[in-house]
Amino acid sequence: MAEVDMSDDRLLPPEPSVRALARELFAQVRDLPLVCPHGHVDPALLAEDEPFPDPAQLFIIPDHYVHRMLHSAGMSHAELGLVDVDNTPRETDSRQVWRLLCENWHLFRGTPSKLWLEMELAGVFGITTRLAADTADDVYDQLLDRLGRPEFRPRALFERFNIEALATTDDATDQLAAHRLIADDAWTGRVIPTFRPDKVLDPDQPAFHESLRTLGEVTGEDTTSYRGYLDALRQRREYFVRMGATATDHGHPSAYTADLPGTDAEKLFRRIIERDHDPVDAEQFRGHMLTQMAAMSLDDGLVMQLHPGAVRNHDPRLLARYGPDKGADIPAPTDYVNNLRPLLNKYGNEPGLTLVVSTLDESAYSRELAPLAGYYPAMLLGPAWWFYDSPHGIRRYRELVTETAGFYNTAGFNDDTRAFASIPVRHDVARRIDCGYLAQLVAEHRLSIDEAHETARAMAYTRAKEVYRL
Amino acid sequence: MAEVDMSDDRLLPPEPSVRALARELFAQVRDLPLVCPHGHVDPALLAEDEPFPDPAQLFIIPDHYVHRMLHSAGMSHAELGLVDVDNTPRETDSRQVWRLLCENWHLFRGTPSKLWLEMELAGVFGITTRLAADTADDVYDQLLDRLGRPEFRPRALFERFNIEALATTDDATDQLAAHRLIADDAWTGRVIPTFRPDKVLDPDQPAFHESLRTLGEVTGEDTTSYRGYLDALRQRREYFVRMGATATDHGHPSAYTADLPGTDAEKLFRRIIERDHDPVDAEQFRGHMLTQMAAMSLDDGLVMQLHPGAVRNHDPRLLARYGPDKGADIPAPTDYVNNLRPLLNKYGNEPGLTLVVSTLDESAYSRELAPLAGYYPAMLLGPAWWFYDSPHGIRRYRELVTETAGFYNTAGFNDDTRAFASIPVRHDVARRIDCGYLAQLVAEHRLSIDEAHETARAMAYTRAKEVYRL
Amino acid sequence: MAEVDMSDDRLLPPEPSVRALARELFAQVRDLPLVCPHGHVDPALLAEDEPFPDPAQLFIIPDHYVHRMLHSAGMSHAELGLVDVDNTPRETDSRQVWRLLCENWHLFRGTPSKLWLEMELAGVFGITTRLAADTADDVYDQLLDRLGRPEFRPRALFERFNIEALATTDDATDQLAAHRLIADDAWTGRVIPTFRPDKVLDPDQPAFHESLRTLGEVTGEDTTSYRGYLDALRQRREYFVRMGATATDHGHPSAYTADLPGTDAEKLFRRIIERDHDPVDAEQFRGHMLTQMAAMSLDDGLVMQLHPGAVRNHDPRLLARYGPDKGADIPAPTDYVNNLRPLLNKYGNEPGLTLVVSTLDESAYSRELAPLAGYYPAMLLGPAWWFYDSPHGIRRYRELVTETAGFYNTAGFNDDTRAFASIPVRHDVARRIDCGYLAQLVAEHRLSIDEAHETARAMAYTRAKEVYRL
């Protein structure tokens with residue numbers, strides 16, 4: 001049975017003098033607490049603190065990075081144990097799904113999924129057996145045993161992971177029941193919501209009209225009038241703030257922003273709620289509402305996050321059978337220089353606003369994003385996102401961004417994960433790559449070692465706390 | 001007389017520990033047979049097995065990488081020995097053309113052309129003299145001597161190169177006479193055709209209408225009716241399959257695909273053969289026919305290759321005087337996420353289809369191509385293509401693709417060359433760079449050495465065999 | 001008090017064998033004279049040879065790289081000492097501005113601004129104290145003392161820097177008074193103008209119509225007629241040539257070129273001077289005039305430089321209060337393959353024309369620019385520009401360009417700076433990075449050391465002299 005190589009030098013640059021510097025830098029940040037200002041962990045997990053059911057339901061079925069790769073090699077989503085929108089009972093049991101992963105483990109060579117899962121198995125579960133057809137059952141049994149123990153329940157892991165704060169992502173209309181449960185019981189873990197109003201800002205979302213009705217019910221405002229709609233949004237933001245939120249998040253198809261005069265905005269809103277609008281109207285509305293969100297952020301202090309540029313649900317059959325967020329979202333070219341201009345021209349020079357912008361189009365990093373963040377006080381760059389939250393991806397991010405925007409126009413790391421057990425390894429990977437990058441700067445005499453230490457600490461820990469006002 | 005540095009460590013990473021790993025990996029793959037599933041060698045070369053005439057006609061005149069660089073420094077195509085479309089006798093003799101190359105050898109520093117030619121001269125011809133004005137004649141004479149010997153004839157080289165299979169690229173209407181000659185004689189080299197129907201799928205090709213007539217004559221189908229046209233294509237594909245073909249290839253201006261209802265397709269076809277169409281019609285037709293090709297591939301098992309994104313014949317004067325493929329094709333931004341969607345939505349989940357997609361727009365690798373290939377079972381990525389089939393180009397390809405799509409959503413290497421003598425060195429370069437990349441992953445503890453060995457072998461040899469069903 | 005790390009190995013690759021090669025290469029080029037064919041130093045500086053007033057007015061206030069970064073962290077332009085368009089007296093004294101820089105020095109970690117300023121302080125002023133809140137006043141005083149001494153006046157520095165020729169950038173209507181002063185006095189420094197006609201070629205420039213009137217006055221031509229306008233431009237170019245100019249420079253929003261028939265051009269010109277044109281007309285006119293400039297270059301031998309792709313004045317409030325070139329120009333995607341085609345189709349094969357093209361869109365390097373420069377004799381690539389004139393930026397430039405275009409389709413280095421004291425360090429950085437890149441090629445056995453030496457010298461010195469006909 002092969003063992004996984006869990007060298008403590010993993011991901012550090014191989015050249016000995018640079019590696020020595022990277023080790024020294026990493027030693028100072030590896031055990032810092034985890035600040036998690038952006039992610040997709042279900043708060044019910046921590047509210048209920050139930051054991052994770054089994055390895056497939058922990059590592060494969062909810063992780064689109066994993067099942068998309070297996071699907072790309074010809075396995076169907078049904079074989080992979082996904083539950084369809086009709087809740088048809090799964091045709092593959094979890095042990096069989098786990099075997100599929102292990103038999104096809106070679107597909108993941110060179111991917112962050114391999115890195116994350118091997119580091120999770122070793123670091124969290126103490127298992128360093130290489131995944132393979134002939135080790136699948138043994139590892140499955142070991143994991144199943146671990147998952148049944150109290151020290152592997154979500155709250156125990158939260159504490160073991162040394163998470164200082166964990167932000168979830170929540171619909172604007174969400175009553176945040178799980179967050180309230182956590183707040184009300186004796187457990188002291190800090191789990192805070194994030195205000196994600198896409199469903200009430202984006203007329204192209206299938207749930208838009210229903211969400212608007214819910215927004216009206218929840219707030220008591222008349223969300224069929226533009227003024228009532230804005231008031232309802234303000235009221236919800238206040239509620240999120242009271243529940244501990246420090247940020248909003250916006251997952252629009254593009255980075256388009258607009259700033260319409262009040263009467264135009266009202267007329268546009270009217271067309272939209274009367275379903276008498278075209279795609280240009282929808283884009284205008286989303287863009288206008290981003291600028292409104294910035295205005296509200298100036299009032300209530302919520303940090304604004306923008307995650308644009310995914311063509312969602314590229315495969316309509318997958319969407320129809322299994323729903324959204326199942327691995328078929330594909331990045332597209334994304335314009336920032338023109339699209340962000342209306343918002344930045346209005347609020348970009350406000351020191352009170354923090355707008356954290358991410359991208360799935362790496363060609364925009366050095367061309368548009370670093371130059372914008374290196375000028376406008378309000379704008380910061382989010383960390384390497386989604387497909388790029390990986391060793392090469394993070395390294396390219398630093399190389400493309402730093403020379404124009406420096407380190408302090410970036411917002412620090414966030415793990416952006418749905419996979420709770422992957423939180424510490426994602427931070428670990430980012431810390432290692434950042435330390436390797438800083439070590440390279442020191443080795444090239446661009447930075448002194450004490451400057452590198454301070455910067456490593458900022459990127460690993462303090463920067464995210466400051467930026468997200470945690 | 002300076003000697004070329006032919007160190008066996010060439011192209012391996014310089015850091016000693018990584019180089020040692022790369023050497024170990026490369027030692028296992030360097031002598032594997034060459035699988036060549038995509039290229040542009042003229043099959044008549046191997047059918048006739050005539051000696052190559054002289055160094056200029058072997059290395060310069062047919063190689064657009066070489067003469068475009070000399071042209072960029074001010075040498076005219078006439079000086080460089082190119083034959084014009086009127087077949088005007090060349091005004092420069094081959095020795096003089098060779099001298100121009102040698103006198104200007106510094107222009108090629110840092111290019112793959114320098115690497116390839118130096119490796120060919122050393123590895124195939126045993127000549128390690130540095131090219132320069134004062135060595136031009138001596139090297140020319142040595143090469144001329146070699147080329148006259150039987151062991152430097154095409155078939156002898158084919159065997160020496162250890163080519164397991166060589167695919168050529170052939171018009172849909174080609175009767176494959178050279179392939180038949182090879183099949184019918186005693187020589188056992190495997191030379192197979194590839195079905196390249198651009199001239200009968202693309203209404204913007206100057207030869208389109210004439211090719212359609214030829215297609216009708218060759219097949220006996222009425223290619224003025226849409227149904228007859230499709231039947232003719234099917235018949236030709238069958239003929240290619242009988243002659244050993246395992247793939248089609250499509251060199252469209254964009255990656256646009258469409259899936260038109262039958263009656264719309266018929267009407268569009270009618271407009272096109274009546275020359276009553278506009279550029280949008282032409283694009284629609286090309287796009288629709290790609291989807292038709294995918295449908296036919298599902299029936300006959302031909303692997304489908306798509307090579308989009310070149311602005312062909314950027315210099316109209318060159319085209320007018322010397323014809324196409326003479327070094328003035330320039331890449332353009334290429335959309336995949338929207339353009340491939342109709343085809344992928346229809347057939348992308350079919351495990352029976354293999355669609356190998358290449359790009360000349362590297363910004364699409366991490367943004368669109370790796371995410372698409374990492375989801376759709378039918379889609380794979382071709383190797384770094386054309387301008388990017390080079391040490392940095394291949395390295396960037398791996399760095400941009402692997403973290404999202406892994407190694408096994410790539411199709412293995414192909415040399416894509418018109419220059420027969422460059423086949424082994426192109427494989428050698430790719431094997432070295434891939435081993436260097438894998439060595440880096442091992443040195444960073446992302447991969448075990450045995451995983452790297454297996455992957456190196458797959459990228460160098462087995463993957464291309466499997467993907468192209470050879 | 002921390003000292004800055006001024007190792008002589010700075011920016012050389014850390015791997016010892018590569019570093020040794022890089023050192024050897026750099027030793028041969030580090031002291032070569034500086035050829036500066038493109039930059040933005042005010043010629044009055046050298047005509048008047050007055051002492052620099054103080055550190056803030058030398059290093060911060062005129063340097064948009066520096067004050068944009070401080071602004072991005074929330075400091076206002078007023079605090080940073082910028083003078084507004086009404087010439088309101090500055091509200092912050094220079095010492096206070098300097099303190100702001102020192103207190104916020106961490107913002108610049110990893111940027112070329114840090115590198116440049118530290119190298120300037122050490123190399124030009126002999127100060128190696130790290131900038132920080134507690135060293136600000138001491139360094140300020142030391143600098144103030146130095147700046148008062150004769151050996152720190154502009155001409156003395158020009159000689160100490162070993163500048164062989166320095167090109168400035170000058171409006172087409174400029175009478176070049178400072179250049180005449182320099183030419184007429186005994187000082188032998190070579191300071192030459194560059195013909196920059198944007199204000200008389202671009203109808204979207206606010207000063208266009210006024211500049212056209214001035215152009216008429218200066219030349220005595222009727223610049224309200226197309227013929228008179230062209231004659232006036234020719235006359236001005238001749239004047240610049242007489243004053244030593246060897247180049248023109250064009251800073252258009254895009255790389256669009258056009259070649260209109262004479263009557264269409266005349267009609268377009270008429271619409272434009274009558275202000276009866278739309279944005280498409282303006283783009284057509286700029287594009288047409290670039291092709292006219294190429295035609296004139298063929299007559300008068302001026303090298304043509306094109307610097308497209310910046311969205312100028314992204315922040316309208318900054319423009320209104322402080323004017324242009326204050327750090328809010330942001331790059332945008334830039335098309336070259338289609339846009340340059342009309343000009344290149346007409347003149348690209350002319351060996352007598354030199355067109356040096358730069359980009360702010362790095363995705364175009366390997367996709368469009370290297371392929372174009374590697375084919376058309378007239379076209380060369382300018383060095384890594386603006387945001388990319390940095391260690392990683394230059395390195396990416398070489399990696400993206402060289403394999404397709406080689407070294408000799410690049411135009412050599414230029415510093416492109418407004419900051420006089422940064423000239424030697426900018427050359428030093430480029431020489432170091434180029435030597436590191438060449439060392440890597442040698443270490444990978446792609447280049448012999450003597451080839452690398454010759455290439456390093458060409459990139460550092462001879463190439464710029466040849467290309468710019470200096």
Side-chain angles (χ1 to χ4, degrees), chain A residues 13-18 21 333 335-338 340-341 344-345 348-351 362-380 398-409 437-452 454-455 458, chain C residues 2-16 64-65 68-69 71-76 104-115 118 130 309 311 314-318 327-334 360-363 386-393 395-396 432 436:
Chain A
E15 201 285 316
S17 68
V18 185
L21 289 163
D335 167 282
Y336 295 90
V337 65
N338 297 304
L340 288 180
R341 200 168 183 171
L344 290 174
N345 283 180
N349 288 308
E350 296 285 351
E362 292 181 294
S363 76
Y365 273 137
S366 67
R367 186 181 57 215
E368 297 164 57
L369 288 167
L372 287 167
Y375 172 75
Y376 286 104
M379 182 167 159
L380 298 175
R398 289 288 176 213
E399 292 190 353
L400 290 165
V401 161
T402 309
E403 294 191 321
T404 292
F407 289 96
Y408 292 83
N409 280 305
Y437 178 67
L438 286 161
Q440 180 81 17
L441 294 182
V442 175
E444 294 178 358
H445 307 283
R446 298 178 65 180
L447 217 55
S448 298
I449 186 74
D450 68 305
E451 293 175 306
E454 197 182 84
T455 311
Chain C
E3 291 286 302
V4 172
D5 175 358
M6 271 295 124
S7 163
D8 204 40
D9 283 335
R10 66 181 170 282
L11 301 180
L12 303 186
E15 201 285 317
H64 53 65
Y65 289 86
R68 80 192 305 276
M69 179 65 94
H71 177 67
S72 81
M75 284 154 263
S76 73
N104 290 285
W105 193 230
H106 64 285
L107 300 177
F108 293 88
R109 288 177 193 157
T111 70
S113 295
K114 176 176 191 284
L115 199 59
E118 288 181 345
R130 170 105 57 87
V311 173
H314 196 272
D315 180 357
R317 290 194 225 173
L318 181 79
D329 299 338
I330 310 289
T334 308
L360 295 173
D361 179 359
E362 293 180 295
S363 75
W386 199 337
F387 297 107
Y388 312 117
D389 176 15
S390 58
H392 286 312
R395 183 71 186 230
R396 283 198 299 271
R432 287 171 183 274

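Numbers restart at 1 for each chain; the letters A, B, ... are given by sequence-line order, proteins then strands.
Side-chain contact between M69(C) and T404(A): absent, with no pair of heavy atoms (C-beta onward) separated by less than 4.5 Å. At least one side-chain heavy atom of R130(C) sits less than 4.5 Å from a side-chain heavy atom of D450(A).
Atom CZ in R367(A) sits 13.0 Å away from atom CZ in F387(C) (nearest 0.5 Å).
Heavy-atom distances place the side chain of S363(C), and not its backbone, under 4.5 Å from chain A. Residue contact with chain A, scored on non-hydrogen atoms closer than 4.5 Å, involves the side chain of E362(C) exclusively. Proximity to chain A is limited to the backbone of L12(C), based on heavy atoms less than 4.5 angstrom apart. Contacts of R317(C) with chain A are made by side-chain atoms alone, with heavy-atom separations under 4.5 Å and no backbone atom involved. Residue I330(C) touches chain A through both its backbone and its side chain, counting heavy-atom pairs closer than 4.5 Å. There is no contact between R395(C) and chain A, counting heavy-atom distances below 4.5 Å. When heavy atoms are compared at a cutoff of 4.5 Å, Y65(C) does not approach chain A at all.
A side-chain N or O of H71(C) and one of N349(A) form a donor-acceptor pair less than 3.5 Å apart.
The shortest non-hydrogen separation linking S366(A) to R396(C) is CB-NH2, 4.2 Å.
Between H392(C) and Y437(A), the ring planes lie parallel to each other; the angle is under 30°, not in the 30° to 60° tilted range.
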